[in-house]
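Let me begin by presenting the structure, written as structure tokens, before commenting on it.
So that the names make sense, note that chain A is the first sequence line, chain B the second, and so on, each numbered from 1. Just so it is clear, the structure is predicted and the values come from calculations on it, not from any experiment. The figures that follow rest on heavy atoms only: side chains count, while hydrogens, waters and symmetry mates do not.
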Amino acid sequence: MSFSVFGVGNSPPGAAENLIINSENFFVAPWGNIAGGVGQGVGAADPFGGFSSRMTRLTGPDNGRNQPVTVALSTAYTISCHMRNVDTVESDLFIFNNVGQSVAELEILWSGAIPGTGGSANASNILYQNIGNDWYRISYTFISHASDPTARFTVKPAASSAINGMSLDYSGAMLEIGSSLSDYVSN
Amino acid sequence: MSFSIFGVGNSPSGSEIYDLGDHTIPYALNWPTAPQGELSVSNVSTIGELQFAAEQNSIEINIPSGVTLIGDVDVTGTDVKINCPNNSTVQGVVTFGDVSRPARQWWHGGNIDGAINVDRIDDLTITNLHWSTSDGETGGNWTIGTAPGFARVALANCTFDGDTATLGWFIFTDPGDGQTDLIMCNVLFNPASPGYQNLRLQGITRLTVVDCYACPQNNVTAMRVQQGNQDVYIADSIIGNSLQWSDATNLHMLRVKRFQIGSNSFASGGTGMTDCTVNECPLWSTPFAPGTGDGTEASLPSGVTGSDNIIESNGWDGSSMPDPDTWRTSSGVLSGFAASDSRASISGLGKTGAMGADH
């Protein structure tokens with residue numbers, strides 16, 4: 001187990017760099033589709049004064065969105081995202097490399113509004129922070145790929161055991177270097 | 001006399017990928033824009049990896065040497081460059097674009113064995129591709145989705161071979177989809193099997209065909225340019241068998257040699273033409289009615305003007321299509337002709353050397 005100097009969510013503002021662009025709107029570039037993409041809608045009010053991105057599975061469990069980030073090789077990074085369940089039962093928060101291979105993965109099993117862990121290959125420091133109004137900040141640490149510098153921050157709202165039509169609200173995506181989770185930085 | 005490539009007010013846009021030399025294109029020539037910005041590199045090794053990468057934005061995809069990847073691929077990302085080595089093949093249906101209307105895709109090199117489709121897309125470039133159909137697929141539908149169709153598509157230095165397919169077209173465009181700017185340069189449409197037709201190009205605004213060869217080895221259609229094309233330039237090309245053109249505005253053919261074998265008379269056309277010209281086109285057939293014969297000037301239909309379009313009857317065996325590579329030799333003598341035969345001359349063609357892709 002590793003510890004942050006400031007503790008979870010207690011980093012001083014501006015201490016971390018969020019590598020994700022358009023971190024609260026997953027439907028604009030550089031976000032792009034995975035497996036045909038998702039149904040796109042306006043979700044619940046997010047914790048940042050705006051509205052979240054509601055993603056709905058259309059055709060299969062791999063429907064999703066992703067954003068590529070150039071990272072250092074074999075280096076610790078921490079991924080985090082704010083999620084609020086609508087009606088899904090399982091969702092994915094993955095890192096893919098640039099040919100679609102899994103670098104790290106967290107399969108999130110939902111019990112109503114409450115998330116829990118399914119699979120978690122190459123993920124450590126898994127955290128679920130309840131921040132109110134059914135919003136959770138979900139995070140984990142992973143080691144980037146040894147030879148591919150592109151890390152694709154990937155979300156799938158209704159993976160595996162879910163079915164078409166299920167949805168999840170997203171906002172506040174963040175990818176930062178290091179194994180500690182910092183306060184969210186809006187981009 | 002000097003020529004402007006583009007004419008007054010016709011400066012090109014996009015990425016010019018083929019030298020059109022002294023051609024004077026009588027309308028704005030809009031080349032597709034190449035993928036822009038920083039592209040992350042994706043070195044794929046399986047069809048699944050290619051399918052994943054082709055969906056992403058801002059990516060340069062490298063297919064490895066000496067492989068055959070089997071499966072369909074939908075290229076739906078924006079700013080996508082795909083590099084395929086000439087000894088590698090994607091065997092399956094490849095579709096460029098989708099309902100999201102991506103932009104700036106470029107496929108370079110290698111082989112696609114299967115249909116090629118084009119959905120809604122802005123700026124598609126295909127270069128040095130050898131396309132074939134080994135398992136009898138129908139040809140490509142280049143207006144899959146709803147209107148408006150593609151905008152700015154260029155094919156250059158490509159070879160399209162049919163094989164056992166019996167239906168379809170290499171490229172089909174629907175007249176009602178409003179597609180714009182299709183440019184084809186040094187493209188060899190060379191169907192090997194009877195029944196495979198070449199091109200049915202409809203509803204295109206600004207269609208440019210230069211240094212191309214479309215000669216099916218039987219009496220089916222080589223090129224149909226019909227139904228609602230606006231601004232068409234076809235030059236320095238060979239068309240075998242059926243050449244149908246009709247219902248076009250501002251269509252111009254220059255130095256297009258047309259041959260016909262078999263009994264197919266599907267060569268006439270020219271109805272509904274407005275402000276069109278045909279010049280310097282030797283015709284080993286009688287595509288223009290009525291009353292033309294060997295050595296005489298062809299009659300042109302209403303709406304078409306031009307000269308030096310001579311009906312030919314000799315100097316060609318009447319059964320085999322000209323060899324495209326011989327046609328492209330620097331000697332400027334068409335296959336089957338003596339250099340002394342003025343009708344064999346291909347002087348004026350801008351390009352020499354082998355046609356199509358370099359593999």
All donor-acceptor atom pairs under 3.5 Å, backbone and side chain, chain B-chain A:
| unit_1 | atom_1 | unit_2 | atom_2 | d |
| --- | --- | --- | --- | --- |
| B:S40 | OG | A:N98 | ND2 | 3.0 |
| B:V41 | O | A:N98 | ND2 | 2.8 |
| B:S42 | OG | A:N98 | O | 2.6 |
| B:E49 | OE2 | A:Q101 | NE2 | 2.9 |
| B:E55 | OE1 | A:A35 | N | 2.7 |
| B:E55 | OE2 | A:A35 | N | 3.0 |
| B:E55 | OE2 | A:G36 | N | 2.3 |
| B:Q56 | OE1 | A:N66 | ND2 | 2.6 |
| B:Q56 | OE1 | A:R152 | NH1 | 3.2 |
| B:Q56 | NE2 | A:N33 | O | 3.3 |

* Asked: Tell me, side chain or backbone of B:I59 under 4.5 Å from chain A's heavy atoms, or both, or neither?
  -> side chain
* **Segment of B:V99 engaging chain A (4.5 angstrom heavy-atom cut-off)** => neither
